Every structure is written in structure tokens, then in C-alpha cells.
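What follows is one structure encoded as C-alpha cells, with my remarks underneath.
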Amino acid sequence: KSEGCYVKEPFTLARAAYLGLKSASKILVEAFGNQQHAAEIVRTGQQDLSDYGSRNRFDRFMPIDVVADLESKMGPVVTTELARLAGYVLVQLPQLNPANAHLMKVTSEALKEVSDVFARLSSFLEDGTLSTAEGAQLDREIEEAIVKLLTLKAQIDALAGKGGLE
């Protein structure tokens, strides 16, 4: 089993960014129930997995192949954090069966979701403030709208002969 990846100071990003990666690594390993279960599918050992999520082992970070192996089973936990650090949002691409999707239905679903975002935002702003809970709810609404818009894009691409998302 590998020793892991080491980071030397000075760091390129703010310390908080690396702490976010530590937290994401810990959450990813915990999704398996325990370190032993996670260690069964990667090249590193239980102690390595513990170190990758530990704030006390700031010199050790999860190698990219270990991230890939774990996320292949549990979803993009660390990858989502990396995207956020780079100023991006990670959105799962829609699964589309062009034979079963009708453009007008997909279009109306996308329009409805986008409309829901603005209706909810307007409702939340009636009192002149936006709470943390309201912001989180808006985030979910926006993510749903993005997925519907990506589905619409895939449908249009399929109909136009592009073969899907590019």
C-alpha cells in the first residue's frame, strides 16, 4: 500500500481550501461505513485513508486514483469540492433516450424548472432578506433547472445529429 501524497509549504491556495479537501476526503471514506470497507477497493490502507481526512495530517492528501476508485462507488464528493475550488459547479449529465423523449415535453419541463427558480426567489425576497435555508432551497431549485436545461440541450443535439452533450 502507498504512502500517499505529500504537500510542502508554502501552499498555493488558502489553508481553508485544503481543509475543504480534507473534509471532502473524510466524507467520501465515511460513505463506505468505515475505513476498512473503503480500503478494500483502493491501493492504500486504512491508516492512509484516515490521514487523508485528518486535519492533524495536513501533509497528506488523497491521491487522484484513490479518489477515482472511491468516487466510482459513492459519487463525486472530492471532485465536487475540487470543482467548487476552481469556480465551477459539478452537474451530473442527464441520461437521455432520444427515442423516448419529445422535444416539446423536454422544453416545457426545462421552462417550468427555470420559472420555479424565479418564482421561489421572488417569494423569498418579499421580506427583503434571503435566509441561509432559503438560499439552500434556491440552490436545489437552480440545480434542478440546470439538469432540465442540459436534458434539453442533449435532446436538441440528438435531433440535430450531434449525438448528445459536448
Side-chain angles (χ1 to χ4, degrees), residues 5 12-14 16-34 37-44 49 52-53 61-166:
C5 295
T12 302
L13 303 174
Y18 295 102
L19 290 173
L21 291 172
K22 286 280 189 184
S23 294
S25 297
K26 184 175 182 179
I27 290 166
L28 179 57
V29 170
E30 288 174 348
F32 284 86
N34 63 49
H37 289 135
E40 290 172 1
I41 67 163
V42 296
R43 66 176 172 81
T44 59
L49 293 173
Y52 302 150
F61 289 85
M62 190 177 287
I64 197 70
D65 64 306
V66 174
V67 171
D69 289 341
L70 295 174
E71 288 188 346
S72 73
K73 304 289 185 203
M74 292 299 172
V77 178
V78 175
T79 300
T80 298
E81 179 62 13
L82 286 168
R84 189 190 68 75
L85 287 174
Y88 292 85
V89 175
L90 189 65
V91 178
Q92 184 173 4
L93 296 176
Q95 299 298 315
L96 180 68
N97 181 353
N100 294 333
H102 300 293
L103 184 58
M104 292 313 297
K105 180 178 185 239
V106 174
T107 301
S108 67
E109 289 173 353
L111 183 59
K112 179 197 173 300
E113 290 298 332
V114 171
S115 176
D116 287 352
V117 168
F118 291 104
R120 183 77 53 155
L121 177 60
S122 176
S123 169
F124 287 158
L125 291 177
E126 284 180 357
D127 65 0
T129 63
L130 187 65
S131 72
T132 302
E134 291 168 337
Q137 190 171 354
L138 276 172
D139 284 348
R140 287 188 298 276
E141 294 275 352
I142 290 168
E143 288 169 6
E144 290 171 11
I146 290 169
V147 169
K148 292 296 183 180
L149 288 167
L150 286 171
T151 302
L152 176 60
K153 180 185 181 326
Q155 179 65 21
I156 289 169
D157 288 350
L159 289 172
K162 291 184 179 178
L165 293 165
E166 295 182 337

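Remember, it's a predicted structure, so these values are computed and weren't measured experimentally. The figures that follow rest on heavy atoms only: side chains count, while hydrogens, waters and symmetry mates do not.
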Worksheet item: If every non-hydrogen atom of Ala145 is compared with every non-hydrogen atom of Val117, which pair is closest and at what distance?
Response: CB-CG2, 4.0 Å
Practice prompt. Enter the distance from Asp69:CG to Met62:CE here, rounded to the nearest 0.5 Å.
Written response: 10.5 Å
Discussion item. With rounding to the nearest 0.5 angstrom, report the CG to CG distance, Leu21 to Leu85.
Written reply: 5.0 Å
Discussion item. Do Lys73 and Phe32 form a cation-pi contact, if we require the NZ or CZ to be under 6.0 Å from the six-membered ring centre and within 45 degrees of the ring's axis?
Written reply: no
Discussion item. Show, in sequence, the C-alpha distance, side-chain angles and deciding distance for Val29 and Tyr52, and conclude whether the side chain to side chain contact (heavy atoms under 4.5 Å, CB included) test is met.
Written reply: CA-CA 9 Å; Val29 170; Tyr52 302 150; over 6 Å; no
Item to complete: Report the C-alpha separation of Val106 and His102 in whole Å, then their side-chain angles, then the decisive distance to 0.1 Å, and conclude whether the side chain to side chain contact (heavy atoms under 4.5 Å, CB included) test is met.
Response: CA-CA 6 Å; Val106 174; His102 300 293; over 6 Å; no
Worksheet item: Between Lys112 and Asp116, is there a side-chain N and carboxylate O pair less than 4.0 Å apart?
Response: yes
Worksheet item: Should we count CD of Gln92 as having more than 12 external heavy atoms under 6.0 Å?
Response: no
Worksheet item: Are the side chain of Thr151 and the backbone of Val147 linked by a donor-acceptor contact shorter than 3.5 Å?
Response: yes
Discussion item. How close do Leu149 and Ala110 get, counting heavy atoms only, and between which atoms?
Written reply: CD2-CB, 3.9 Å
Discussion item. Taking Leu103's backbone N and O only, do any of them form a donor-acceptor pair with Thr107's side chain (distance below 3.5 Å, no angle check)?
Written reply: yes
Item to complete: Examine distances only and state if a side-chain atom of Tyr18 and a backbone atom of Leu13 form a donor-acceptor pair shorter than 3.5 Å.
Response: yes
Practice prompt. Under the side chain to side chain contact (heavy atoms under 4.5 Å, CB included) rule, what do Val66 and Leu49 come out as? Steps first, then yes or no, please.
Written response: CA-CA 9 Å; Val66 174; Leu49 293 173; 4.1 Å; yes
Response to the item:
Rounding to 0.5 Å, atoms CD (Glu113) and CD (Glu141) come to a distance of 6.5 Å
Fill in: Test log, rule side chain to side chain contact (heavy atoms under 4.5 Å, CB included), inputs Arg43 and Asp65
CA-CA 9 Å; Arg43 66 176 172 81; Asp65 64 306; 2.5 Å; yes
Practice prompt. Determine whether more than 12 heavy atoms belonging to other residues, nucleotides or ligands lie under 6.0 Å from atom NZ of Lys26.
Written response: no
Discussion item. Would you compute the distance between atom CD of Glu134 and atom CG of Leu125 and round it to the nearest 0.5 angstrom?
Written reply: 8.0 Å
Worksheet item: Under a 4.0 Å N-O cut-off, is there an ion pair linking Glu81 with Arg84?
Response: yes
Item to complete: Verify, without hydrogens or angle tests, whether Thr80 (side chain) and Pro76 (backbone) share a donor-acceptor contact under 3.5 angstrom.
Response: yes
Discussion item. Could you measure the distance from the OG atom of Ser23 to the CD atom of Glu30? Nearest 0.5 Å is fine.
Written reply: 9.5 Å
Discussion item. Rounded at 0.5 Å granularity, tell me how far CZ in Arg140 sits from CD1 in Ile142.
Written reply: 11.0 Å
Worksheet item: Does the side chain of Thr79 pick up a donor-acceptor pair with the side chain of Glu71 at under 3.5 Å?
Response: yes
Worksheet entry | Charged N-O contact under 4.0 Å between Glu109 and Lys105 | yes
